[in-house]
Colleague: 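Below is one structure. I have some questions about it.
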Amino acid sequence: QVQLVESGGGLVQPGGSLRLSCTAPGFTLDYYFISWFRQAPGKDREAVSCISAHDGNIYYADSVKGRFTGSRDNAKNTVYLQMNSLRPEDTAVYYCATDLNRSNCPGLVPRTWHTNWGQGTEVTVSS
């Protein structure tokens, strides 16, 4: 079973930045898209970004466009979500996920498409 592992969450003040990382020990992520989701307390899990493996496309939710940037470093087997200009409403547990049957994102990918998930990393934006 492929297990994704997120890291990089924490407490940050409004306007601050964090970089989340997603990796998979013992498994190569190069060939698969990676989605980032988040779930705030009492809310549904929502798609934040989808980062393709091969076609160079990266998609973002409207709520994070211009503030969040997805990237991948295949040499480090890691996918990143750089989060700038953070707002209190960005507070959530952030998850990375993938579908081991697909390489590229057609857009933001529905939660039900994903076959493997990480355990999540908590992001709190508060003064």
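Just so we're clear, the structure is a prediction, and the values are computed from it rather than from any experiment.
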Colleague: Flag the pair Leu20 / Met83 as yes when at least one side-chain heavy-atom distance between them is below 4.5 Å, and no otherwise.
Modeller: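 They are in contact (side-chain heavy atoms under 4.5 Å apart), so the answer is yes.
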
Colleague: Is there side-chain contact between Tyr95 and Arg111, with heavy atoms separated by less than 4.5 Å?
Modeller: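 In short, these two side chains do not touch, never coming nearer than 4.5 Å.
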
Colleague: Could you give the distance from CD (Glu122) to OG1 (Thr91), rounded to the nearest 0.5 Å?
Modeller: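 That separation rounds to 8.5 Å.
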
Colleague: How far apart are the closest heavy atoms of Ser127 and Pro14, and which atoms are they?
Modeller: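 Distance-wise, the nearest heavy atoms are N-CD, 3.7 Å.
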
Colleague: Flag yes if Tyr80 and Leu86 sit in one hydrophobic cluster, no otherwise; membership is Ile, Leu, Val, Met, Phe, Trp, Tyr, and two members link when side-chain heavy atoms are under 4.5 Å apart.
Modeller: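 Unlinked, Tyr80 and Leu86 end up in two clusters.
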
Colleague: Testing the basics here: between Arg72 and Tyr32, what is the closest heavy-atom pair and its distance to 0.1 Å?
Modeller: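 Between these two residues, the closest heavy atoms are NH2-O, 2.9 Å.
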
Colleague: Is the CG atom of Asp44 crowded by more than 12 outside heavy atoms at less than 6.0 Å?
Modeller: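 Not more than 12 within 6.0 Å, no.
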
Colleague: Any side-chain heavy-atom pair from Ser7 and Thr121 closer than 4.5 angstrom?
Modeller: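 No, too far: nothing below the 4.5 Å cut-off.
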
Colleague: Report yes or no: is the cationic atom of Arg45 (NZ for Lys, CZ for Arg) closer than 6.0 Å to the six-membered ring centre of Phe37, at no more than 45° off its axis?
Modeller: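 Not flagged: Arg45 not positioned over aromatic ring of Phe37.
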
Colleague: Taking all non-hydrogen atoms of both residues, which atom of Ala92 and which atom of Ala40 are closest, and how far apart?
Modeller: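 In this case the closest contact between Ala92 and Ala40 is CB-N, 3.7 Å.
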
Colleague: Sequence neighbours left out, what passes side chain to side chain donor-acceptor pair (under 3.5 Å) with Gln119? Give chain and number order.
Modeller: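 Per chain and number, Gln119 pairs via side chain to side chain donor-acceptor pair (under 3.5 Å) with no residue.
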
Colleague: Does Asn116 reach the main-chain N or O of Thr98 with its side chain, forming a donor-acceptor pair under 3.5 Å?
Modeller: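 Between the backbone of Thr98 and the side chain of Asn116 there is no qualifying donor-acceptor contact (under 3.5 Å).
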
Colleague: Consider only side-chain heavy atoms of I, L, V, M, F, W and Y, link residues closer than 4.5 Å, and tell whether Val48 and Leu18 are in one cluster.
Modeller: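 Same hydrophobic cluster.
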
Colleague: Looking at residues at least two apart in the chain, or sitting in another chain, which of them share a side chain to side chain contact (heavy atoms under 4.5 Å, CB included) with Glu46?
Modeller: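 Here the qualifying residues are Arg38.
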
Colleague: Under 4.5 Å between side-chain heavy atoms, hopping through other hydrophobics if needed: is there a path connecting Val93 to Trp117?
Modeller: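 Yes, Val93 and Trp117 fall within the same hydrophobic cluster.
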
Colleague: Determine, using ring centers only, whether Phe33 and His114 are less than 6.0 Å apart.
Modeller: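 When the ring centroids of His114 and Phe33 are compared, they turn out to be within the sub-6.0 Å range.
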
Colleague: Please check: side-chain N/O of Glu6 versus main-chain N/O of Cys96, any donor-acceptor pairing under 3.5 Å?
Modeller: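 Pair found, side chain donor or acceptor close to backbone of Cys96.
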
Colleague: With a 3.5 Å distance limit and no angle check, can you tell me whether Thr23 reaches the backbone of Thr78 through a side-chain donor-acceptor pair?
Modeller: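 No, because the side chain of Thr23 does not come within donor-acceptor range (under 3.5 Å) of the backbone of Thr78.
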
Colleague: Could you check if a side-chain atom of Leu29 sits within less than 4.5 angstrom of a side-chain atom of Leu4, using non-hydrogen atoms only?
Modeller: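 Yes, side chains in contact.
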
Colleague: Can you name the nearest heavy-atom pair linking Ile58 to Ile51, along with the distance?
Modeller: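 That would be CG2-CG1, 4.0 Å.
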
Colleague: With under 30° as parallel and over 60° as perpendicular, where do the rings of Tyr94 and Phe68 fit, or are they tilted in between?
Modeller: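 Correct class here is tilted.
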
Colleague: Is it true that Asp90 and Arg67 have a side-chain N and a carboxylate O under 4.0 angstrom from each other?
Modeller: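 Here Asp90 pairs with Arg67 in a salt bridge, since their nearest N and O are under 4.0 Å apart.
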
Colleague: Distance from Thr69 atom OG1 to Arg19 atom CZ, nearest 0.5 Å?
Modeller: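 Thr69 OG1 to Arg19 CZ: 12.0 Å, rounded to 0.5 Å.
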
Colleague: Please examine the side chains of Trp113 and Pro106, heavy atoms only from C-beta on, and report whether any two atoms are closer than 4.5 Å.
Modeller: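 Contact flag for Pro106/Trp113 side chains = yes.
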
Colleague: So does Gly70 get a backbone contact from the side chain of Tyr60, meaning a donor-acceptor N/O pair under 3.5 Å?
Modeller: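 Side chain of Tyr60 to backbone of Gly70: a pair is present.
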
Colleague: Please tell me if the side chains of Gln3 and Pro25 come closer than 4.5 Å, counting only heavy atoms from C-beta onward.
Modeller: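 With C-beta onward as the side chain, the pair stays apart.
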
Colleague: If every non-hydrogen atom of Ser17 is compared with every non-hydrogen atom of Asn84, which pair is closest and at what distance?
Modeller: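 The answer is OG-OD1, 2.9 Å.
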
Colleague: Indicate, with yes or no, if Trp36 and Val109 share a hydrophobic cluster defined by side-chain heavy-atom contacts under 4.5 Å among Ile, Leu, Val, Met, Phe, Trp and Tyr.
Modeller: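 No, Val109 and Trp36 fall in different hydrophobic clusters.
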
Colleague: Determine the minimum heavy-atom distance between Leu81 and Ser49, stating which atoms define it.
Modeller: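 Closest pair (atom of Leu81, atom of Ser49, distance): CD1-CB, 4.2 Å.
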
Colleague: Under a 3.5 Å distance rule, please check whether Ser52 uses its side chain to pair with a backbone N or O of Cys105 as donor and acceptor.
Modeller: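 Yes.
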
Colleague: Main chain of Tyr31, side chain of Ser103: is a donor-acceptor contact present, judged purely on distance under 3.5 Å?
Modeller: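 Answer holds: yes.
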
Colleague: OG/Ser35 to CG/Asp99 distance, rounded to the nearest 0.5 angstrom?
Modeller: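 Interatomic distance, Ser35 OG to Asp99 CG, rounded to 0.5 Å: 9.0 Å.
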
